[in-house]
Amino acid sequence: MTELKRFGLLLESDPRLPSVCSIVAREPMRGSWWSHPKAQEIFQVNERLEDHDDVLITKLISGKVTFVHRQLGPELFTVGTSRDEWQLKGLSPAAGELLRMVMKKGSLRTDTLPWSHRTKPGDAARELERVLLIVAGQVHTETGAHAKVLETWEHWRQRVKLDQRKTSVKQAKAELEDRLARLNAEFHAKVTMPWQ
């Protein structure tokens, strides 16, 4: 949490930027962290962050799992709800239908969807998540399997009781880009936001 508060952004895993994996392992990590001797500890830290009220998990930086501190919640909400061209251009029909379903219900689970597409609902959900059109989380189902929980940004904002600080899309992107630029400069990296 100290590193997350400091930067506002923390990756689950990255060989250069601050990440849960590198903090727990005390070394940069390439490839899958599941084979690392501290994999169980990394998993437990990820779970604790996921359950923390001040943390949002999304695929913000270079399509990777990113923990975002609550202080950047209003900016993330503004970008997520902007419906910019980069978010909507090229969406598959399955992703478009899933987005309409989430918008209608506010929140739903992928394992309970009436689904007729060849594409799996999880694939369509990942497509929407990559362009920040939804907030996605995971849940363990009654059968012990995993399912995605998909929410609109408005549903998420109300659930986490996020302050509705007003900011323009331009200001929100600039704040997030500035945070990332500082990380890139300090750690000699070249990662990007989804709209860059």
Side-chain angles (χ1 to χ4, degrees), residues 4 8-13 20 43 45-165 167 169 172-173 176 192-196:
L4 181 55
L9 306 166
L10 181 68
L11 286 158
E12 179 183 66
S13 180
V20 172
F43 175 77
V45 171
N46 284 338
E47 291 284 303
R48 286 175 57 201
L49 283 172
E50 186 176 328
D51 293 339
H52 199 287
D53 289 342
D54 289 338
V55 179
L56 168 67
I57 303 171
T58 190
K59 298 214 173 146
L60 184 63
I61 300 175
S62 292
K64 295 180 176 185
V65 174
T66 308
F67 298 98
V68 181
H69 194 274
R70 184 182 196 91
Q71 63 186 300
L72 293 173
E75 286 78 11
L76 200 53
F77 175 85
T78 298
V79 172
T81 58
S82 67
R83 298 296 190 261
D84 276 350
E85 183 181 348
W86 65 270
Q87 291 177 291
L88 301 170
K89 186 177 181 182
L91 276 185
S92 70
E97 182 178 335
L98 183 56
L99 180 60
R100 285 187 290 281
M101 293 168 83
V102 175
M103 296 304 288
K104 183 177 180 181
K105 297 221 180 226
S107 176
L108 54 82
R109 283 177 26 176
T110 55
D111 64 328
T112 61
L113 293 176
W115 197 250
S116 60
H117 289 275
R118 288 183 181 161
T119 305
K120 294 178 183 176
D123 293 337
R126 280 186 285 281
E127 187 178 341
L128 297 174
E129 189 180 8
R130 231 181 359 263
V131 292
L132 306 178
L133 284 168
I134 58 166
V135 179
Q138 282 195 13
V139 66
H140 290 90
T141 67
E142 300 77 25
T143 64
H146 286 92
K148 281 191 170 284
V149 177
L150 312 177
E151 297 179 273
T152 63
W153 283 98
E154 184 60 37
H155 188 276
W156 169 80
R157 186 188 66 76
Q158 290 175 11
R159 181 175 57 79
V160 302
K161 298 174 178 58
L162 182 72
D163 294 337
Q164 193 151 358
R165 183 174 72 227
T167 183
V169 174
K173 284 182 177 178
L176 292 167
T192 60
M193 295 289 182
W195 58 86
Q196 293 179 304

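Remember, it's a predicted structure, so these values are computed and weren't measured experimentally. Values below: every heavy atom of this structure, side chains too, minus hydrogens, waters and symmetry copies.
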Is the closest side-chain heavy-atom distance between [X] and [Y] below 4.5 Å?
X    : Y    : value
K148 : I134 : no
W153 : T78  : no
D84  : V131 : no
M103 : R100 : no
T110 : W115 : no

Minimum heavy-atom separation for [X] and [Y], please, with both atom names.
X    : Y    : result
G90  : E127 : O-OE2, 3.9 Å
L113 : R109 : CG-O, 3.6 Å
V102 : T152 : O-CG2, 3.4 Å
L72  : G8   : CD1-O, 3.6 Å
A172 : T167 : N-OG1, 3.7 Å
L98  : P121 : CD2-O, 3.7 Å

For E97, give me all partners under salt bridge (charged side-chain N to carboxylate O under 4.0 Å, His left out), at least two apart in sequence or on another chain.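 In terms of salt bridge (charged side-chain N to carboxylate O under 4.0 Å, His left out), with neighbours along the sequence ignored, E97 is linked to no residue.
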Which residues satisfy the side-chain hydrogen bond (donor to acceptor under 3.5 Å, both in side chains) test with Q196, sequence neighbours excluded? none
If only atom types and distance count, is the side chain of [X] paired as donor or acceptor with the main-chain N or O of [Y] below 3.5 Å?
X    : Y    : value
Q87  : R83  : yes
T119 : A124 : no
R70  : V160 : yes

Quick one: side chains of residues 52-66, donor-acceptor pairs under 3.5 Å with protein atoms, not counting sequence neighbours, listed by atom name and distance.
residue : atom : partner : partner atom : Å
H52     : ND1  : D54     : N            : 3.0
S62     : OG   : T192    : N            : 3.1
K64     : NZ   : D14     : OD1          : 2.6
T66     : OG1  : I61     : N            : 3.2
T66     : OG1  : K64     : O            : 2.9

Atom CZ of residue position R159 - does it have more than 12 heavy atoms of other residues, nucleotides or ligands inside 6.0 Å?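 Counting neighbours around CZ of R159, more than 12 heavy atoms of other residues, nucleotides or ligands fall under 6.0 Å, so yes.
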Within 6.0 angstrom of E47 CD, more than 12 heavy atoms from elsewhere: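 Counting other residues, nucleotides and ligands, CD of E47 exceeds 12 neighbours.
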For the pair W195 and W86, name the ring-plane relationship: parallel under 30°, tilted 30 to 60°, perpendicular over 60°. tilted
Rounded distance (nearest 0.5 Å) linking atom OG of S92 with atom CG of L99: 10.5 Å
Under-4.0 Å salt bridge between R157 and E154: yes
